[in-house]
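Below you'll find the structure I mean.
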Amino acid sequence: MSARTRAGRVWLLKSEPEVFSFDELWRAPKRTTSWGGVRNYQARNLLRDELSPGDLVLFYHSSSTPSGVAGVAEVVRGGYPDPTQFDARDPAHDPASTVDEPRWYAVDVRALGALPRFVPLEAMRAERGLAGMVLLQRGSRLSVQPVTPAEARIVLSMGGWKDPRRSP
DNA sequence: GCCAACGTTGGC
DNA sequence: GCCAACGTTGGC
């Protein structure tokens, strides 16, 4: 494993760029956002239990032309109750959820940088080393996905990524 | 816009 | 607990 990913694991987070793009994260205060509104139990479990500060994030643009990995971010705060579930005006409001027993979780994510080269889905499909990626599995829809270190190295290399956290 | 794949809901 | 119906995701 490279030093780049030594400190933590790597995740792929999907977002529709028309709803929230990597560029919007880049321009956000502190380049940070609360990653919430996820209403799938498998993804919820990952947000709540697995994503940890320092973990790397591949920011994937879905339902887009083309779809693909647009940028790199990092987790800066691990799972905490997703505030949107308590907000009656939020589309992700969940009336069945209570503060004492929250059902949904969010993490905070900070942009590290756009990939010098956008990595389209099609290019990832063509890469033998990425054949096992959750993203590329038939019917895969999970919006929070684990990425292996080897897969991350390939995607980051395709994108021309140099980790600013490691640069002299 | 189409539709395959998947997750959730709710009747029984 | 089963499973049909329905809603959503997301590539094309």
Side-chain angles (χ1 to χ4, degrees), chain A residues 9-28 33-51 55-75 78-109 111 114-148 150-161:
Chain A
R9 284 183 282 178
V10 186
W11 308 94
L12 183 145
L13 299 182
K14 291 183 187 175
S15 183
E16 300 187 24
E18 291 189 4
V19 178
F20 187 75
S21 67
F22 182 81
D23 194 48
E24 285 177 78
L25 177 59
W26 185 252
R27 296 190 316 254
T33 193
S34 171
W35 200 276
V38 175
R39 297 295 180 263
N40 168 280
Y41 286 104
Q42 199 176 343
R44 185 281 306 270
N45 293 345
L46 293 174
L47 291 171
R48 185 188 59 192
D49 305 330
E50 305 295 340
L51 275 73
D55 287 357
L56 207 64
V57 170
L58 305 179
F59 194 115
Y60 180 84
H61 282 175
S62 62
S63 296
S64 180
T65 308
S67 294
V69 179
V72 180
E74 67 176 341
V75 178
Y80 60 92
D82 179 359
T84 68
Q85 70 195 308
F86 307 122
D87 181 356
R89 296 160 306 172
D90 195 287
H93 176 238
D94 184 349
S97 196
T98 68
V99 176
D100 282 345
E101 287 190 62
R103 183 177 296 183
W104 306 110
Y105 282 76
V107 300
D108 285 355
V109 165
L115 285 179
R117 295 186 297 270
F118 180 84
V119 180
L121 177 61
E122 184 183 22
M124 287 189 276
R125 286 201 190 284
E127 197 67 36
R128 302 188 71 89
L130 298 181
M133 267 190 98
V134 173
L135 179 73
L136 305 183
Q137 304 315 302
R138 181 178 186 81
S140 172
R141 299 190 323 195
L142 201 58
S143 64
V144 179
Q145 306 182 355
V147 178
T148 70
E151 291 161 353
R153 275 197 303 277
I154 293 171
V155 172
L156 293 171
S157 165
M158 293 168 79
W161 178 251

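Just so we're clear, the structure is a prediction, and the values are computed from it rather than from any experiment. Below, chains carry the letters A, B, ... as their sequence lines are ordered, and counting in each starts from 1.
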Item to check | Side-chain H-bond candidate by donor/acceptor type, A:Thr98 with A:Asp100, under 3.5 Å | outcome: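 Per modelled atom types, A:Thr98 and A:Asp100 side chains form no pair under 3.5 Å.
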
Next on the checklist: So that I know where these two stand, are A:Trp104 and A:Tyr80 an aromatic pair - ring centroids less than 6.0 Å apart?
Outcome noted: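 No, too far apart.
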
Checklist entry - Can you name the residues that form a salt bridge (Lys or Arg N to Asp or Glu O under 4.0 Å) with A:Glu24, not counting sequence neighbours? => result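 Applying salt bridge (Lys or Arg N to Asp or Glu O under 4.0 Å) to A:Glu24 gives none.
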
Next on the checklist: In terms of relative ring orientation, are A:Trp26 and A:Phe22 parallel, tilted or perpendicular, with 30° and 60° separating the classes?
Outcome noted: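 Aromatic pair A:Trp26/A:Phe22 classed parallel.
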
Checklist outcome for this item: Scoring nucleotides 7-12 of chain C by protein non-hydrogen atoms under 4.0 Å (B base, S sugar-phosphate only, - none) yields BBBBSS

Next on the checklist: As an exercise, state the distance from CG of A:Asp82 to CG of A:Asp90, rounded to the nearest 0.5 Å.
Outcome noted: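 Reported to 0.5 Å precision, the distance equals 7.5 Å.
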
